[in-house]
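Position 1 is the first residue of the sequence, and the numbers go up from there.
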Amino acid sequence: MLQALVITLREGFEAFLIVAISLSYLRRSGRAALTSAVHWGIGVAAVVSALGGYILFNSLNQEWLDGPLALVAAVSVTWMVVHMWRTGRRMKGDIEGRLKASAVRPGAAAYTGVFLFTLLMISREGMETALLLMQLHETTYLVLGAALGSVAAAGVAWLWSRFGHRVNLALFFQATAIFLFVFVVQLVIKGAHEMSEQQYLPYSEIIHSSTESWGPDSTFGHVLTYLLVILPVAWIAFKSAVSKSPIFPPPSPSAPVARGSAAR
């Protein structure tokens, strides 16, 4: 359940953040007429993600796909974390730059460009979420964890849009990245074990027998489960102890002005 909660929290927050930045930019730049393209993009992306998730979950009936999909998920998580770690600081500028390039096109081209940008960005987050949740299909209370993560993601996104200056996004992405890197270790072990069982790998028998004792119910598996919580919490505690700036900075004197300008 915890894995599902954190995955949907992070992926959902990125999706909500993209929407919030897009709508805010279009309104601030005097292109409010294009906000409906964002709404349509979100709707179609939800359908595409649901369809992709349905196809992926049906693939669970194909045992030969279990190992490869686990490794694909591990690569996807690693790429996502590294990408956000490198570009998270300029995420807002990148999104606004791409929207600007689409919105300045003449006539229907602007509407189409904003729609396609939203569709691609949100669909990517939705498909990543489906791919990762698929690896947790045997987890107890999976649906509950995913639902709680989605609600929490919406709450964090609302806090960011309302009190952006008081939400430490860097720390949020760092803590969830540490969690996901431990999850990657679990995925790699699972993928290697399943692929060796299907004789896809050289020395498959040795790999299969070795990873048999690393499963979720083993001592090593329990240690990884504990680390999913211990490492992110320890990182937050460490940052709060050594950071020169407070983890939750107080509102600045200009905060009311900033909120007023954001509302416009």
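- Here L99 contributes atom CG and I21 contributes atom CD1; the two are 9.5 Å apart, rounded to the nearest 0.5 Å.
- With hydrogens and angles disregarded, no donor-acceptor distance shorter than 3.5 Å links the side chain of S24 to the backbone of A20.
- Both L17 and L26 are members of a single hydrophobic cluster when ILVMFWY side chains are connected at heavy-atom separations under 4.5 Å.
- For the pair V188 and A74, the tightest heavy-atom approach, listed with the atom from each and the gap, is CG2-CB, 3.9 Å.
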Test side-chain contact (heavy atoms from CB on, under 4.5 Å) on V81 and F181; report intermediate values, then the result. CA-CA 8 Å; V81 170; F181 273 133; 3.5 Å; yes
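- Atom OG in S76 sits 12.5 Å away from atom CG in L71 (nearest 0.5 Å).
- Checked by atom type, the side-chain pair H193/T211 shows a donor-acceptor distance below 3.5 Å.
- Residues passing the salt bridge (charged side-chain N to carboxylate O under 4.0 Å, His left out) test with E128: none are found, sequence neighbours excluded.
- In this structure, L69 CG and M195 CE are separated by 10.5 Å, a value rounded to the nearest 0.5 Å.
- When hydrophobic side chains of Ile, Leu, Val, Met, Phe, Trp and Tyr are connected at separations under 4.5 Å, V75 ends up as a singleton with no cluster partners.
- Under the 4.5 Å side-chain heavy-atom criterion for grouping Ile, Leu, Val, Met, Phe, Trp and Tyr, F238 is connected to F179 within one hydrophobic cluster.
- Looking at every heavy atom in both residues, A32 comes nearest to T35 through O-OG1, 2.7 Å.
- Side-chain contact between M121 and V19 is absent, with no heavy-atom pair separated by less than 4.5 Å.
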Per-pair distances, 0.1 Å, donor-acceptor, side chain in residues 2-14, under 3.5 Å, sequence neighbours excluded:
{"from": "T8", "atom 1": "OG1", "to": "A4", "atom 2": "O", "distance (Å)": "2.8"}
{"from": "T8", "atom 1": "OG1", "to": "L5", "atom 2": "O", "distance (Å)": "3.1"}
{"from": "T8", "atom 1": "OG1", "to": "A146", "atom 2": "O", "distance (Å)": "3.3"}
{"from": "R10", "atom 1": "NE", "to": "E14", "atom 2": "OE2", "distance (Å)": "3.4"}
{"from": "R10", "atom 1": "NH1", "to": "F173", "atom 2": "O", "distance (Å)": "3.0"}
{"from": "R10", "atom 1": "NH1", "to": "T176", "atom 2": "OG1", "distance (Å)": "2.5"}

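- Residues V47 and Y54 do not share a hydrophobic cluster, clusters being chains of Ile/Leu/Val/Met/Phe/Trp/Tyr side chains in contact below 4.5 Å.
- Listed by chain and number, the residues in a side-chain hydrogen bond (donor to acceptor under 3.5 Å, both in side chains) with W235 are Q174 (sequence neighbours excluded).
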Quick one: do E197 and E205 satisfy side-chain contact (heavy atoms from CB on, under 4.5 Å)? Show the steps, please. CA-CA 8 Å; E197 187 173 5; E205 293 184 4; over 6 Å; no
Contacts table for residues 106-117: side-chain donor-acceptor under 3.5 angstrom, sequence neighbours left out:
{"from": "Y111", "atom 1": "OH", "to": "S36", "atom 2": "OG", "distance (Å)": "3.0"}
{"from": "T112", "atom 1": "OG1", "to": "A108", "atom 2": "O", "distance (Å)": "3.0"}

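- Using a 4.5 Å cut-off between side-chain heavy atoms of Ile, Leu, Val, Met, Phe, Trp and Tyr, Y226 falls into a hydrophobic cluster with I230.
- Counting heavy atoms from C-beta on, the side chains of S49 and T129 never come closer than 4.5 Å.
- Here the closest non-hydrogen pair linking V48 and M127 is O-SD, 4.1 Å.
- Nearest heavy atom pair, residue V38 against residue T118, reads O-CG2, 3.5 Å.
- Separation of atoms OG (S210) and CD1 (I189) is listed at 11.5 Å; rounding is to 0.5 Å.
- The CD1 atom of I18 sits 4.5 Å away from the CD atom of E125 when rounded to the nearest 0.5 Å.
- If you take OG on S22 and CG on L34, they are separated by 11.5 Å, rounding to the nearest 0.5 Å.
- Residues L180 and W79 share a hydrophobic cluster, clusters being chains of Ile/Leu/Val/Met/Phe/Trp/Tyr side chains in contact below 4.5 Å.
- In this structure, L120 is not a member of the same hydrophobic cluster as F16, with clusters built from ILVMFWY side-chain heavy atoms closer than 4.5 Å.
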